[in-house]
Amino acid sequence: MRDNPLVLHVLGARPNFVKAAPVVRGLAELGIRQGIIHTGQHYDALMSDVFFADLGLPEPVANLGVGSGTHARQTAALLTGLEDVVLEHRPALVVVYGDVNSTLAAILVCAKLHVPTAHVEAGLRSFDRDMPEEVNRVVTDALSDLLFATSPEALSHLANEGVDPAKVHLVGNPMIDSLFAALPKLDPAPVQERLGIDGRYAVATLHRPANVDDPEAARELVDAVLGVAEQVPVVVPLHPRGRQRLAEAGLVDRPNLKIVDPLGYVDFLSLVRGAALVVTDSGGVQEETTMLGVPCLTVRPNTERPITVTHGTNRLVTPASLPAAASKALGDGAATPSGELPPLWDGAAGPRIARVIEAWLRDDNLSPAAKGRAR
Ligand code: UD1
Ligand code: UDP
């Protein structure tokens with residue numbers, strides 16, 4: 001093994017922070033040298049800083065400050081910023097998470113610089129290439145050297161795309177590790193009091209481009225959420241994307257509808273834990289509601305996380321079917337089809353990933369370029 005090899009984590013957006021925290025902890029326990037590069041894709045305190053505090057993540061060694069932009073402009077800024085950082089730090093391995101633009105850019109940069117990479121949350125597929133995330137997933141998995149899968153169906157997706165099974169490890173779900181670690185802190189009462197919520201309520205999060213970017217789609221969605229609000233008070237911690245469009249479509253404070261800024265990780269999951277129902281188009285929230293046993297209605301035509309439907313509390317709905325589905329879920333609760341959580345969603349994915357990385361570093365699996373530099 002190269003002397004004291006460095007592992008770099010490239011993080012940019014809210015869900016990255018949640019997935020990385022258990023891996024960073026696992027590597028720290030094994031004494032592996034590591035650092036976080038924050039790309040700055042998310043930059044508002046409520047989309048970034050609050051997660052570092054809530055999850056106990058160490059300060060990034062660099063923040064590239066790329067900010068927002070069109071896909072091309074944001075990705076271009078990510079590519080040039082990350083190339084400099086990777087050349088400066090010469091990591092033995094770069095770890096990327098999920099499916100955001102920061103993930104895609106880091107994988108491309110490392111592939112061109114012959115720096116080995118690991119992808120946490122490999123093999124998820126919605127089979128919908130209209131989603132920017134699906135494009136990011138396919139490219140990231142094609143170029144990764146180590147692939148960490150969170151659920152079994154990912155293995156066949158990767159095999160079908162010709163990924164060498166020797167590179168793939170089924171390790172469980174680090175997002176669920178973070179949730180396990182936060183459980184003792186999840187108390188709905190103080191958040192409910194702060195937001196002025198009493199009794200039964202639903203929580204909604206909406207930010208997918210297909211739902212919020214187009215005015216017509218946004219109007220349909222908002223009408224559907226208003227249909228839920230007729231049945232139960234709805235709190236919406238609103239992602240900055242599409243805020244304006246959703247407001248124009250009628251998503252504004254009303255007697256049974258409360259629109260608030262995005263919540264910090266612990267506050268958000270506290271609110272979800274106490275909710276009778278969640279309505280979402282988030283990826284991570286589908287998994288967290290499965291783990292917490294809260295009924296979840298996902299307003300999307302597909303999901304890259306079907307295990308939350310087969311083993312969890314998640315159902316796919318259209319805007320047209322949302323109000324009736326909400327009425328049923330509020331009546332039935334969250335009976336899970338299998339009655340058990342997905343395999344390996346046990347809070348130990350981070351240590352599993354760390355052990356695979358440790359063994360990989362020990363086996364001197366470094367690229368020829370990295371080996372040359374290490375001598
Ligand atoms: C990104 C990911 C998406 C993920 C989401 C998690 C991509 C292609 N998409 O979407 O997969 O589900 O993060 O939350 O990477 N903005 C702010 N403050 C911020 C960040 C963003 O106001 O701190 C606003 C800006 O107007 C920006 C818009 O949100 O243009 C979209 O941000 P961006 O990072 O491009 O994509 P997300 O929609 O956040
Ligand atoms: N989340 C949060 N505050 C909020 C909304 C979401 O802390 O107001 C957390 C949520 O618990 C999950 C992560 O953010 O851990 C999911 O991020 P998001 O839905 O933005 O992205 P996706 O998972 O869809 O990529």
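Everything numeric in this text was worked out from a predicted model, so none of it was measured. Start at 1 and go down the list; that is how both ligands and their atoms are numbered. Numbering starts at 1 and runs along the sequence shown.
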Novice: Verify whether the ring centers belonging to His239 and His42 lie closer than 6.0 Å.
Specialist: yes

Novice: Compute the shortest N/O to N/O distance between Gly284 and ligand 2 and return yes if it is under 3.5 Å, no if not.
Specialist: yes

Novice: Side chains of Asn256 and Glu230: is there a donor and an acceptor less than 3.5 Å apart?
Specialist: no

Novice: Report the nearest protein non-hydrogen atom to atom 19 (O) of ligand 2: residue, atom name, distance rounded to 0.1 Å.
Specialist: Ser282 OG, 2.7 Å

Novice: Short list, please: which atoms of ligand 1 are under 4.0 Å from a heavy atom of Met47?
Specialist: 23 (O)

Novice: For ligand 1, which atoms sit closer than 4.0 Å to a heavy atom of His239?
Specialist: 14 (O), 37 (P), 38 (O), 39 (O)

Novice: Please could you name the atoms of ligand 1 that Arg208 approaches to less than 4.0 Å, counting only its heavy atoms?
Specialist: 3 (C), 4 (C), 11 (O), 12 (O)

Novice: Could you work out, for atom 3 (C) of ligand 1, the closest of Gln41, Met131, Glu133, Arg73 by heavy-atom distance?
Specialist: Glu133

Novice: Val285 versus ligand 2: do any nitrogen or oxygen atoms come within less than 3.5 Å of each other?
Specialist: no

Novice: Do Gln231 and Pro323 make a side-chain contact, defined as non-hydrogen atoms from C-beta onward lying under 4.5 Å apart?
Specialist: yes

Novice: Counting heavy atoms only, which of Pro15, Gly40, Pro209 is nearest atom 6 (C) of ligand 1?
Specialist: Pro15

Novice: Identify the protein heavy atom lying closest to atom 3 (N) of ligand 2, giving its residue, its atom name and the separation to 0.1 Å.
Specialist: Leu263 O, 2.7 Å

Novice: Would Arg208 count as being in polar contact with ligand 2, using the rule that some N or O on each side must be under 3.5 angstrom apart?
Specialist: yes

Novice: Output yes when the distance from some N or O of ligand 1 to some N or O of His42 is under 3.5 Å, and no in every other case.
Specialist: yes

Novice: Please could you name the atoms of ligand 2 that Phe51 approaches to less than 4.0 Å, counting only its heavy atoms?
Specialist: 2 (C), 7 (O)

Novice: Around Arg73, counting heavy atoms of other residues, nucleotides and ligands shown, do more than 12 lie under 6.0 Å from its CZ?
Specialist: no

Novice: Does even one non-hydrogen atom of Gly264 get within less than 4.0 Å of ligand 2?
Specialist: yes

Novice: Note the single closest protein heavy atom to atom 22 (P) of ligand 2, along with its residue, its atom name and the distance in Å.
Specialist: Gly283 N, 3.6 Å

Novice: Salt-bridged, Arg137 to Asp99, with N to O below 4.0 Å?
Specialist: yes

Novice: Only one of Glu161, Glu153, Glu304 forms a salt bridge (charged side-chain N to carboxylate O under 4.0 Å, His left out) with Arg125, so which one is it?
Specialist: Glu161

Novice: Does Thr103 form a side chain to side chain donor-acceptor pair (under 3.5 Å) with Asn136? I'd like the steps, not just the answer.
Specialist: CA-CA 7 Å; Thr103 311; Asn136 294 348; over 6 Å; no

Novice: Could you tell me, atom by atom, which parts of ligand 2 come under 4.0 Å of a heavy atom of Val18?
Specialist: 15 (O)

Novice: Does either side chain, that of Arg300 or that of Asn302, offer a donor lying less than 3.5 Å from an acceptor on the other one?
Specialist: yes

Novice: Checking side-chain polar atoms at under 3.5 Å, does Thr280 have a donor or acceptor matched by the opposite partner on Thr205?
Specialist: yes

Novice: Is the closest N or O pair between Arg14 and ligand 2 shorter than 3.5 Å?
Specialist: yes

Novice: Of Arg243, His71, His207, Arg14, which has the heavy atom at the shortest distance from atom 5 (C) of ligand 1?
Specialist: His207

Novice: In terms of side-chain heavy atoms, does Tyr43 have a donor or acceptor partner in Ser68 at a distance below 3.5 Å?
Specialist: yes

Novice: To check your reading of the model: name the closest protein heavy atom to atom 1 (N) of ligand 2, its residue, and the distance in Å.
Specialist: Phe268 CD2, 3.6 Å

Novice: Who's the nearest protein heavy-atom neighbour of atom 21 (O) of ligand 2, and how far?
Specialist: Pro15 CG, 3.5 Å

Novice: Is the shortest N/O to N/O distance between Arg241 and ligand 1 below 3.5 Å?
Specialist: yes

Novice: Just which atoms of ligand 2 are under 4.0 Å from any heavy atom in Pro237?
Specialist: 8 (O)

Novice: Would you say Glu288 has any N or O atom under 3.5 Å from an N or O of ligand 2, going by distance alone?
Specialist: yes

